[in-house]
Structures are given as structure tokens and as C-alpha cells.
Protein chains: 2
Amino acid sequence: MGVTKTEIFSDTQNEIAQLAKAFAHPARVAILHQLFKSTTCICGDLVDEIGLAQATISQHLKELKNLGLIKGNIEGTSVCYCINEEKWENMKSIFNAFFNQEIKTNNCC
Amino acid sequence: MGVTKTEIFSDTQNEIAQLAKAFAHPARVAILHQLFKSTTCICGDLVDEIGLAQATISQHLKELKNLGLIKGNIEGTSVCYCINEEKWENMKSIFNAFFNQEIKTNNCC
DNA sequence: TATATTAATCGTAATATTGCAATAAACAAA
DNA sequence: TTTGTTTATTGCAATATTACGATTAATATA
């Protein structure tokens, strides 16, 4: 109960679900938007920009980092985060394959 | 606490998050895979194919239907589900815009 | 060394999601 | 009408996620 039955799904299905979770919360989408558009991507700036508590932003950053979609670089006392281009491209190709499946026409709808 | 603060994010950010939830569970990915590859897409077949309880599949179908990504057609006692092509294309363009943002090169990482 | 500054982690509270048995609803067929 | 077939809904129980205050850790600066 309440536990996702990972074992009954294919690796691809689990990977898509795992990656999709990165985008399944607006705060993480906002963080990624910010990392795309800004050349300075210090954690503290994200806190100011987005308006959630520092602990909350830090937690979201951790999830994105765990998925490999972003990487962080320590700069003195602050940490600069960036999109991990390689993983981002990899993620894109996984979703594109999923999104661009051919739809079989069938008679029911 | 524990409530997503929808109001502090942009419409686009919330829409992406909402749509991403469709793909954030392997059962829903599996259902969509099935709807793509099969010409018969009866709910009962999905239950057999995927191996979750009928109530659980029905619930996942409802979420996909609420997002508009699939549509159902009643055929006697059974219901045939299909990808909603129009909404699927719309969803694709939203994600493509998000995925294909230009990455600003910055000096920190 | 003492004091800021910045980010990660811990602990906790609250909400959300997942899964399923049981039941209801809708319809076909006998 | 009664019975079977199929799907939706209800009502839990359990796990997962979200949020944040407080604290810790690490480093820069006075």
C-alpha cells in the first residue's frame, strides 16, 4: 500500500518516471528556468528569486543534483549551480523517444 | 506546510509541473506505452497487461483523463482508451520549449 | 581567533500520492 | 427480470513529498 511497485515496470518506464519527477514540482521548474536564463546561479539568489525558504530550495536542488540534471560548484562560501548539459541532452532524448511514438489508429476513438 | 505554493510560480511553471505528474509514475508511463502500441485499449486489458489492481489502474486512467492526455470511449460494458492526439501535441510543444532553452555559458561551472 | 556569511542537514508537521478490497453503477445477455 | 461483465467510486492504510525552523559545517573576513 502506498508503495510504487517498481519491479513490475520496465527500466525505461521507471527511468522516465524518475526523470519526470524533476519537473513535477513548480519550484524545481522555476529553479531550472532560473539556471537557464541567469549567468549567476548562486543558491542564495535562487532563494531570493523564488521565494521559498533556504532549506526548501536546498532540498529541491539536492533532488535535481541527485538526478544529475544540475551540478554545483563551490565558490568560497557560496555554491554556484548549473545545468548539466550532458545529462540534460540525455534526458531530452529519452523524453523525445517517448513523446514521438507513433499513434496507432484504432477504431474505438 | 507540505502544501505546494502554486501562487508564487508562473502559469507556465505550474502547467509544466502539472503535466509532468502524468509521467512521474511508472504505471502511468506503462499505460501510455500500451495505448501507443496497442490497437485495442480496453481498461481490462491494461489491468491484465500491467499487473496492478483494477481500482488502481482506473485511478491512474482518471488522472491521465483529467489532464486531457487520453480520452475514453464507452463500448457496451467496457471502455476503450486512446491517446488524445491534440492534447499530446500541445503537451509536446510545451516540454520542447522547456527542454530546448539555450544554456547560457557562465564562468562558474 | 572571533564573527559573519552561505549552504547543507536534521527534525517535524502537514499534505499528497499510491494501492487495493469492497461496493456501486452501467449495461449486455440469458 | 435476473445474472454476469466491466469500470468507477469509496474508504481506508501506508508511503512519499513538501515546507520550514533550527542547527551544523565550511569558509571568508575583520
Side-chain angles (χ1 to χ4, degrees), chain A residues 1-9 13-14 17-18 20-31 34-35 40-67 70-82 108-109, chain B residues 1-9 13-14 17-18 20-31 34-35 40-67 70-82 108-109:
Chain A
M1 294 98 211
V3 204
T4 296
K5 294 186 163 176
T6 309
E7 68 281 1
I8 69 171
F9 304 107
Q13 287 160 356
N14 284 313
Q18 212 54 44
K21 281 182 188 170
F23 312 124
H25 194 284
R28 290 191 289 273
V29 175
I31 287 172
Q34 201 63 31
L35 296 193
T40 73
C41 39
I42 304 298
C43 175
D45 295 344
L46 292 169
V47 175
D48 296 339
E49 197 70 43
I50 292 171
L52 287 171
Q54 183 267 321
T56 309
I57 295 290
S58 191
Q59 198 174 301
H60 284 302
L61 284 168
K62 189 182 179 183
E63 288 173 63
L64 291 171
K65 209 165 49 179
N66 285 343
L67 286 167
I70 66 171
K71 53 188 174 184
N73 213 41
I74 298 168
E75 296 207 327
T77 51
S78 52
V79 178
C80 177
Y81 283 101
C82 304
C108 61
C109 36
Chain B
M1 293 105 211
V3 203
T4 296
K5 294 185 166 179
T6 308
E7 67 281 4
I8 69 171
F9 304 108
Q13 287 160 354
N14 284 314
Q18 212 54 45
K21 281 183 188 170
F23 313 123
H25 194 285
R28 290 192 289 273
V29 176
I31 287 172
Q34 200 63 30
L35 295 193
T40 73
C41 39
I42 304 297
C43 173
D45 295 345
L46 293 168
V47 175
D48 296 340
E49 197 71 42
I50 292 170
L52 288 171
Q54 183 267 322
T56 309
I57 296 290
S58 190
Q59 197 175 302
H60 284 302
L61 284 168
K62 188 182 178 182
E63 288 173 62
L64 291 171
K65 209 165 46 178
N66 286 343
L67 286 167
I70 66 173
K71 53 187 173 182
N73 213 40
I74 298 168
E75 297 206 327
T77 53
S78 52
V79 179
C80 177
Y81 283 101
C82 303
C108 61
C109 36

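Convention: sequence-line order gives letters A, B, ...; per-chain numbering from 1.
- Applying the 4.0 Å criterion to OP1 and OP2 of C/dC20, one finds that B/Thr56 has a side-chain N or O inside that range.
- The side chain of A/Val79 sits closest to C/dA8 out of D/dC20, C/dT18, C/dA8.
- Comparing the end axes of the helix from C/dT1-D/dA30 to C/dA30-D/dT1, each fitted to five base pairs by superposing C1' atoms of four pairs onto the next four, gives an inter-axis angle of 10° (nearest 10 degrees).
- For D/dA19, the OP1/OP2 oxygens have a side-chain nitrogen or oxygen of A/His25 closer than 4.0 Å.
- Atom P of nucleotide D/dT6 and atom CG of B/Asp48 are separated by 9 Å, given to the nearest angstrom.
- Phosphate contact (OP1/OP2 of C/dA8, side-chain N/O of A/Tyr81, threshold under 4.0 Å): present.
- The interatomic distance linking A/Ile42 (CD1) with C/dA7 (P) rounds to 7 Å, in whole Å.
- Between C/dC20, C/dT18, D/dA19, one nucleotide has an atom nearer to the side chain of B/Ala53 than all others, and that is C/dC20.
- Map B/Leu52 and A/Lys65 each onto its nearest nucleotide of DNA chain C; the residue landing nearer the 5' end is A/Lys65.
- In the set D/dT7, D/dT27, C/dC20, D/dT27 carries the atom at the smallest distance from any side-chain atom of A/Thr77.
- Contact check, A/His60 against D/dT17: no side-chain N or O comes under 4.0 Å of OP1 or OP2.
- Among the nucleotides C/dA8, D/dT18, C/dT6, the one closest to any side-chain atom of A/Gln54 is C/dA8.
- Side-chain proximity of A/Ala55 to the nucleotides C/dG19, D/dC20, C/dA21 is greatest for D/dC20.
- Applying the 4.0 Å criterion to OP1 and OP2 of D/dT17, one finds that A/Lys21 has a side-chain N or O inside that range.
- Look at A/Ser58 and you'll find a side-chain N or O under 4.0 angstrom from OP1 or OP2 of C/dA8.
- The distance between atom CD1 of B/Ile50 and atom C1' of C/dT18, rounded to the nearest whole Å, is 15 Å.
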